[in-house]
Number of protein chains: 2
Amino acid sequence: MARTIGSHSGKTGPRVRDAAMHLFAQRGFAAVSMRQIASEVGVQVGALYNYFPDKQTLLFELMRDHMLELLSAIHDKPETTPSSRLEVFVRFHITFHHKRPDAVFIAYMELRNLSPQNFEEIEALRRRYETVLEDILRAGLEANEFQVADTKITTLAIIAMLTGVSSWFRSKGRLSIADIKNQYWEMVQKSVCPKY
Amino acid sequence: MARTIGSHSGKTGPRVRDAAMHLFAQRGFAAVSMRQIASEVGVQVGALYNYFPDKQTLLFELMRDHMLELLSAIHDKPETTPSSRLEVFVRFHITFHHKRPDAVFIAYMELRNLSPQNFEEIEALRRRYETVLEDILRAGLEANEFQVADTKITTLAIIAMLTGVSSWFRSKGRLSIADIKNQYWEMVQKSVCPKY
DNA sequence: TAGTTAACTGAACACTTGTTCAAAACCAAG
DNA sequence: CTTGGTTTTGAACAAGTGTTCAGTTAACTA
């Protein structure tokens with residue numbers, strides 16, 4: 001046997017990426033073998049190498065695509081009030097991450113498995129995202145709408161808190177994702193507001 | 001050669017654990033081989049098996065010991081005010097985790113590499129720790145000192161935020177760990193306080 | 001100092017790892 | 001229906017995996 005019926009790179013490529021994403025998220029990059037990915041797709045190992053040069057690049061592309069999606073999905077509107085910009089950010093972050101639990105998990109857990117070069121590229125994208133939030137906090141600070149000791153720290157604190165949601169939230173749970181968004185928005189809002 | 005000069009289980013055991021902890025934190029459990037650990041200790045692979053039955057148990061013991069240390073170090077004082085209990089908790093969490101970056105990293109990243117049985121045991125310990133915080137929040141709620149929509153969610157949000165510190169804090173940075181603690185305490189305090 | 005125990009070596013086990021590539025079989029265009 | 005290009009197989013590669021254990025030597029005990 002060689003080429004199989006119905007085989008087409010436009011189909012197999014995405015299926016490989018999906019399978020890799022799922023397996024990496026579930027078991028971790030280092031714990032997943034190329035043969036396991038291939039088997040999930042229903043193909044032999046060798047076939048995978050039509051779609052990327054090596055395992056490292058596969059991981060990198062998954063993470064990069066996720067970060068690019070994230071950056072192109074967030075639309076901050078600097079003309080509105082800092083408070084409403086912050087609310088939009090909080091709700092957006094939870095929504096976006098909730099829809100992609102696997103990608104989120106990988107993006108935060110597999111950084112150390114990137115080559116130094118690839119790591120730098122992903123880190124740069126992450127900093128760009130953090131800057132969106134930090135700009136909002138700075139604007140709120142200047143407008144006396146917020147009171148925060150340090151915008152950089154507050155940025156990291158808020159993002160850590162929001163991202164934590166995807167580590168425990170399950171749709172079957174007691175609360176809906178809408179409840180979660182409301183509660184997190186309230187907490188964030190209070191944590192940055194001036195003490196009367 | 002066989003037994004080496006100066007060899008003693010009271011020395012080698014801890015050195016093995018230290019080396020494993022460091023390597024697991026840096027590269028991840030699945031990416032570290034027994035031979036790499038042995039080489040770090042300056043010993044042959046076989047010698048490691050004097051100290052644990054297999055790699056899985058080594059990981060488990062590292063995580064379990066960390067959680068037990070955490071639980072025995074936190075001393076909540078229910079007789080004091082909820083607000084001061086919360087402050088003690090926040091400062092304690094940051095201090096404790098800051099002193100053990102490797103153990104923290106492993107405890108939060110390698111859960112999926114535990115066998116189901118070992119996972120359950122670690123999870124139970126983690127829930128016990130979360131309960132300490134949740135009890136404080138509940139007490140504050142009943143005393144009308146705090147205003148939170150859901151103590152469970154707030155617990156997870158606060159812990160995620162606090163634990164995030166160890167993922168970016170470096171002693172060489174702009175801010176001291178004391179600054180960090182003050183700022184986080186202020187954020188947490190505001191996020192749970194009643195709206196004026 | 002002799003005998004016992006504890007600690008480690010070194011080699012081996014059977015398997016898995018990422019990656020390569022000629023050959024085979026499919027698909028699409030002329 | 002043939003030709004040319006695309007996609008996959010199947011086998012192979014060298015290196016690395018966790019784990020075991022008989023044999024050897026250091027440390028301790030009497």
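Chain letters run A, B, ... following the sequence lines, proteins first and then strands; every chain starts at 1.
At a threshold of 4.0 Å, the pair B:Arg127-B:Glu130 does not count as salt-bridged, since none of the basic side-chain nitrogens sits closer than that to a carboxylate oxygen. A salt bridge is absent between A:Arg138 and A:Glu142: the closest approach of a Lys/Arg side-chain nitrogen to an acidic carboxylate oxygen does not fall below 4.0 angstrom.
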Please table the atom pairs, donor to acceptor, closer than 3.5 Å between any side-chain atom in residues 155-170 of chain B and protein atoms at least two apart or in another chain.
| unit_1 | atom_1 | unit_2 | atom_2 | d |
| --- | --- | --- | --- | --- |
| B:Thr155 | OG1 | B:Thr151 | O | 2.6 |
| B:Thr163 | OG1 | B:His93 | NE2 | 3.0 |
| B:Thr163 | OG1 | B:Ile159 | O | 2.8 |
| B:Ser166 | OG | B:Thr163 | O | 2.9 |
| B:Ser167 | OG | B:Gly164 | O | 2.7 |
| B:Trp168 | NE1 | B:Gly164 | O | 3.3 |

Listing, residues 10-28 of chain B side-chain donor-acceptor contacts under 3.5 Å, not counting sequence neighbours, or none:
| unit_1 | atom_1 | unit_2 | atom_2 | d |
| --- | --- | --- | --- | --- |
| B:Thr12 | OG1 | B:His8 | O | 3.2 |
| B:Arg15 | NH1 | B:Val41 | O | 3.3 |
| B:Arg15 | NH2 | B:Val41 | O | 3.1 |

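For B:Phe89 and B:Tyr129, the ring centers sit closer than 6.0 Å to each other.
Taking side-chain N and O atoms only, B:Thr12 has a distance below 4.0 Å to OP1 or OP2 of C:dC8. For D:dT6, neither phosphate oxygen OP1 nor OP2 lies less than 4.0 angstrom from any side-chain nitrogen or oxygen of A:Tyr51. B:Tyr49 has no side-chain polar atom (N or O) that falls below the 4.0 Å cut-off from OP1 or OP2 of C:dT9.
Side-chain contact check for B:Arg128 versus B:Leu71: some heavy-atom pair is nearer than 4.5 Å.
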Candidate pair B:Ile122 and B:Arg126, rule side chain to side chain contact (heavy atoms under 4.5 Å, CB included), full reasoning: CA-CA 6 Å; B:Ile122 299 295; B:Arg126 208 162 63 122; 5.5 Å; no

Stepwise salt bridge (charged side-chain N to carboxylate O under 4.0 Å, His left out) check, A:Asp135 with A:Arg85: CA-CA 10 Å; A:Asp135 285 348; A:Arg85 286 166 73 190; 5.9 Å; no

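In this structure, the CG atom of B:Leu48 is 13 Å from the P atom of D:dT17, given to the nearest Å. Atom-to-atom, NZ of A:Lys11 to C1' of C:dC26 comes out at 13 Å; the value is rounded to the nearest Å.
Taking a 4.0 Å limit (strictly below) on heavy-atom distances, residues 39-47 of chain B reaches DNA chain C at B:Val43, B:Gln44, B:Gly46, B:Ala47. Contacts of residues 26-38 of chain A with DNA chain C (heavy atom under 4.0 Å): A:Val32, A:Ser33, A:Met34, A:Arg35.
With B:Lys190 contributing its side chain and A:Gln189 its backbone, the two residues share no donor-acceptor pair below 3.5 Å.
With sequence neighbours excluded, the residues satisfying salt bridge (Lys or Arg N to Asp or Glu O under 4.0 Å) with A:Glu69 are A:Arg100.
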Below 3.5 Å is the cut-off: list the nitrogen or oxygen pairs between protein and nucleotides 27-30 of chain D, distance only.
| unit_1 | atom_1 | unit_2 | atom_2 | d |
| --- | --- | --- | --- | --- |
| D:dA27 | OP1 | B:Gly6 | N | 2.4 |

